[in-house]
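Here the structure comes first, spelled out in C-alpha cells, and everything after it is commentary.
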2 protein chains.
Amino acid sequence: MPSASARSHREILSDLLTRIVDDEFVPGATLPSESALAQSYGTTRGTVRRALAGLQTRGLLTPVQGSGWVVRSSRQHQSFDELRSFAQWARGKRMVPGGRVHAADFGEASAYEARRLRIGVRSRVLRVTRVRTLDGRIVMLERTCYPEWIADRVATIPGDEASVVEALSRDFGVITAHADHAMDVVAVSSTDAELLGVRRGGPLLRVRRVSCTPGGAPIEYGEDRYLPDTVTFVVSASRSSTALSRSVAD
Amino acid sequence: MPSASARSHREILSDLLTRIVDDEFVPGATLPSESALAQSYGTTRGTVRRALAGLQTRGLLTPVQGSGWVVRSSRQHQSFDELRSFAQWARGKRMVPGGRVHAADFGEASAYEARRLRIGVRSRVLRVTRVRTLDGRIVMLERTCYPEWIADRVATIPGDEASVVEALSRDFGVITAHADHAMDVVAVSSTDAELLGVRRGGPLLRVRRVSCTPGGAPIEYGEDRYLPDTVTFVVSASRSSTALSRSVAD
DNA sequence: CAGTGGTCTAGACCACTCA
DNA sequence: GAGTGGTCTAGACCACTGA
C-alpha cells in the first residue's frame with residue numbers, strides 16, 4: 001500500500017520502486033491509473049506523472065496510451081553516482097574495490113586531450129595511471145587526464161584512495177553532474193599487457209569518458225580498459241528516454 | 001528567432017534544436033529564461049520545460065538552478081530508430097548497409113534464450129545468422145533468435161532485406177518500442193573467425209539485445225559482434241536522465 | 001462508450017544564484 | 001533582492017484502447 005505521507009514526486013517514485021522491486025507489481029502487470037495513484041497519494045496527476053516518468057527512464061515502466069502503465073522489469077538500474085565512480089559501483093555490488101597508482105606526472109595536453117577538456121593545446125595537465133582491482137583481482141587499467149584548474153587538488157589525493165570521485169566531492173566540493181561515455185574494443189598493447197598481467201593482442205573493452213561539473217566545465221578525460229568477463233555495460237533504451245547513440249569510430 | 005507557430009512541446013524542441021545546431025546558441029551559452037521562451041513561443045512554462053527536458057535527455061542542455069539552461073553540446077545524438085536498426089543507422093551516416101543471411105534454422109530455445117524472450121524452454125524459435133557490411137566492408141556478425149509468435153513472419157523476409165526492423169514494421173505492423181542492450185568484449189571464436197574473415201583470439205565488441213513491443217512482449221534476442229575500429233557506442237549520462245548502467249558480467 | 005494516458009494552461013510558492 | 005529554475009496544484013481537452 002502507498003505511504004500516506006508520500007507527496008513529492010521523489011517519494012512517490014521511491015514508493016512505487018519499492019513496490020515493484022518487492023513484486024507487488026510484477027513484470028507485465030498494469031499499474032493503477034494515474035488518477036487512482038494521484039488520489040491514493042493525496043496529490044495530483046502531474047506529480048504522479050513525474051514519478052512515473054522517472055521510473056520509465058530507469059527502464060522499469062512503460063506507458064501504453066489508452067491502457068495504462070506496464071511494468072517492464074523489476075531489476076533496478078544503477079544510479080548515476082554508481083556509474084560515475086568505480087568504487088561506489090563496486091560497493092553497491094558488495095565487492096571490495098582496490099587499486100594502486102602506477103604513475104602520476106604533469107605534462108602538456110595533446111591535441112586530442114585539449115579538445116576533450118576544452119583547454120588549450122600544451123596546457124599543463126596531470127596524467128594518472130591506475131590499476132583497479134575488485135576483490136583483489138585486477139579488472140581494469142585507468143588512464144586519467146586532469147586539466148590544470150583541478151590538477152593540484154587531485155595531486156594531493158593519496159594514491160590508495162579508493163574513490164577519487166568521492167574525495168573530490170568531499171574535500172573540494174567538485175561534483176560531477178554529467179559524463180559522456182564512448183565504448184569500443186581494442187587489443188591489449190605491450191604496455192597494457194605488462195600492467196594487467198595478460199598477453200598482448202587479446203580483447204579489452206575501452207571506455208573513454210569526459211566528466212563535467214553542473215556548469216559544464218570538464219573535470220577529467222579518462223580512458224578505462226577492462227579485461228573480458230569483468231564488466232558489461234547495460235543500456236535500457238526507448239523511443240523517448242535514452243541518450244545512447246552509436247557512432248562511427250574515429 | 002522562434003517560429004511564431006511553434007506551440008507544442010515537440011515544435012518548440014525542434015525549433016530550439018535547430019537553433020542550437022545552427023550555433024545561434026553555442027556550447028557554454030545560457031538560453032533565455034523559461035518565462036521568456038514561454039512568452040516568445042506563445043505558450044506556458046510547463047510546455048517549454050517539456051521541450052527543454054527533451055533536449056536535456058538528448059545531451060544538448062543542462063539546467064543550472066538559479067541561473068539558467070546551459071548549452072552543453074551542439075552534437076545531435078541519434079534517434080531510437082537509428083539505434084535500433086543497423087540499416088537506418090548506416091543510412092543516417094550516409095553509408096551503404098549490406099549483408100547476407102548465412103543461416104536460418106528453426107530449433108528449440110535454450111534456457112538462456114527462453115529467459116531473455118520470456119518463453120518456455122525448448123519452445124520453437126527461429127535462429128538467423130547474418131553478416132553485416134558497411135560500404136561493402138564486413139563490420140559485424142549478427143545472431144538473432146525470434147520467438148515462435150513472430151518467427152513465421154520473419155521467415156518470409158528476403159535474405160537480402162537491408163532492414164529487418166523496417167520490414168517487420170512495414171509489412172506486419174510489429175514495432176519496437178524498447179530495447180535493452182548489454183555491451184562487453186569477447187575474443188574471436190573459430191566460427192566467428194571464418195565468417196568475419198579475421199584471425200582467432202582478437203577482440204570483438206559484443207552487444208546483446210532484447211527488443212520489445214510497446215506492450216513489453218519480446219520480439220527478438222540478438223547478439224552482435226563488431227570488429228574493432230568499426231563502431232563506438234556513446235552514452236550521455238547525467239544525474240537525472242540516463243538509463244545506462246554497468247553490471248558484473250554473468 | 002467509458003476509461004486510459006498525452007498534452008496544455010495558469011497560476012502559486014520554494015530553493016537557489018549572483019550582482 | 002531580483003531573477004532563475006524546481007515543484008506542485010487544479011483543471012481542461014484530446015487521442016487512443018478495449019469491452
Side-chain angles (χ1 to χ4, degrees), chain A residues 2 5-16 25 28-57 60-72 173 175 177-178 213-217 238-241, chain B residues 2 5-16 25 28-57 60-72 173 175 177-178 213-217 238-241:
Chain A
S5 61
R7 231 161 281 151
S8 81
H9 70 98
R10 283 168 209 281
E11 290 168 324
I12 296 174
L13 188 151
S14 112
D15 185 65
L16 287 173
F25 303 117
T30 301
L31 253 51
S33 74
E34 295 176 355
S35 322
L37 287 171
Q39 192 164 27
S40 73
Y41 283 116
T43 183
T44 55
R45 256 186 83 203
T47 305
V48 167
R49 278 180 68 79
R50 281 206 60 167
L52 294 169
L55 293 167
Q56 178 187 11
T57 298
L60 295 176
L61 292 178
T62 185
V64 182
Q65 194 177 27
S67 173
W69 287 86
V70 175
V71 179
R72 196 154 91 77
I175 292 172
H178 303 285
T213 64
S238 66
R239 200 162 290 278
S240 63
S241 73
Chain B
S5 61
R7 232 162 284 147
S8 79
H9 69 97
R10 284 170 210 281
E11 290 168 324
I12 296 174
L13 187 151
S14 112
D15 184 64
L16 288 173
F25 303 117
T30 301
L31 255 50
S33 74
E34 295 176 356
S35 323
L37 288 171
Q39 192 164 26
S40 74
Y41 283 117
T43 182
T44 55
R45 257 186 82 203
T47 305
V48 168
R49 279 180 66 80
R50 280 206 60 166
L52 294 170
L55 293 168
Q56 178 187 10
T57 298
L60 296 176
L61 292 179
T62 185
V64 181
Q65 193 176 22
S67 173
W69 286 86
V70 176
V71 179
R72 196 153 90 77
I175 292 172
H178 303 283
T213 64
S238 67
R239 200 163 290 278
S240 63
S241 74

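In what follows, chains are A, B, ... by sequence order, proteins preceding strands, each numbered from 1. Computed over heavy atoms, backbone and side chain alike; hydrogens, waters and symmetry mates excluded.
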What's the separation between atom NE2 in A:His178 and atom CD in B:Gln56, rounded to the nearest 0.5 Å?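 Atom-to-atom, A:His178:NE2 and B:Gln56:CD are 7.0 Å apart.
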Go nucleotide by nucleotide along DNA chain D from the 5' end; which of B:Arg45 and A:Gly46 gets its closest nucleotide reached first?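 Looking at the nearest nucleotide for each, B:Arg45 comes out on the 5' side.
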Set of side-chain contact (heavy atoms from CB on, under 4.5 Å) partners for B:Thr47, sequence neighbours left out: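 Testing B:Thr47 for side-chain contact (heavy atoms from CB on, under 4.5 Å), a comparison that skips the adjacent residues, returns B:His9, B:Ile12, B:Thr43, B:Thr44.
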Quantify the bending of the helix from C:dC1-D:dG18 to C:dC18-D:dG1 as the angle between its end axes, each fitted on five pairs, to 10°.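 For the helix from C:dC1-D:dG18 to C:dC18-D:dG1, the axes at either end differ by 20°.
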Of all the heavy-atom pairs spanning B:Gly68 and B:Thr30, show the shortest one and how long it is.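 Where B:Gly68 meets B:Thr30 most closely, the heavy atoms are CA-CG2, 3.9 Å.
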Please name the pair of heavy atoms, one in B:Arg45 and one in B:Ala38, separated by the smallest distance, quoted to 0.1 Å.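 Looking at all heavy atoms of both residues, the closest pair is N-CB, 3.8 Å.
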Quick one: label A:Arg50 by what it contacts on the DNA or RNA (base, sugar-phosphate, nothing), any heavy atom closer than 4.0 Å.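 Sugar-phosphate, backbone atoms only, no base.
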Please list, in 5' to 3' order, the outermost nucleotides of DNA chain D lying under 4.0 Å from any heavy atom of chain A.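 The footprint of chain A covers D:dT7 to D:dT17.
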Could you walk me through whether A:Trp69 and A:Leu37 pass the side chain to side chain contact (heavy atoms under 4.5 Å, CB included) test, one step at a time? CA-CA 11 Å; A:Trp69 287 86; A:Leu37 287 171; over 6 Å; no
Using side-chain hydrogen bond (donor to acceptor under 3.5 Å, both in side chains) as the criterion, list what pairs up with A:Arg10, not counting sequence neighbours.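 side-chain hydrogen bond (donor to acceptor under 3.5 Å, both in side chains) list for A:Arg10, sorted by chain: empty.
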Going by the side chain to side chain contact (heavy atoms under 4.5 Å, CB included) test, name the single residue among A:Leu55, A:Thr62, A:Leu31, A:Leu60 that passes it with A:Val71.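 That would be A:Leu31.
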Results of salt bridge (Lys or Arg N to Asp or Glu O under 4.0 Å) for B:Arg50 - residues two or more places apart only: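 Counting only residues at least two positions away or on another chain, B:Arg50 forms no salt bridge (Lys or Arg N to Asp or Glu O under 4.0 Å).
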Please evaluate residues A:Thr57 and B:Thr57 with respect to the criterion side chain to side chain contact (heavy atoms under 4.5 Å, CB included), reporting the C-alpha separation (whole Å), side-chain torsions for both, the decisive distance (0.1 Å), and the verdict. CA-CA 10 Å; A:Thr57 298; B:Thr57 298; over 6 Å; no
Heavy atoms within less than 4.0 Å of DNA chain C: which residues of residues 65-72 of chain B have one? Give them sorted by number.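 Residues of residues 65-72 of chain B that come under 4.0 Å of DNA chain C are, in numerical order, B:Gln65, B:Gly66.
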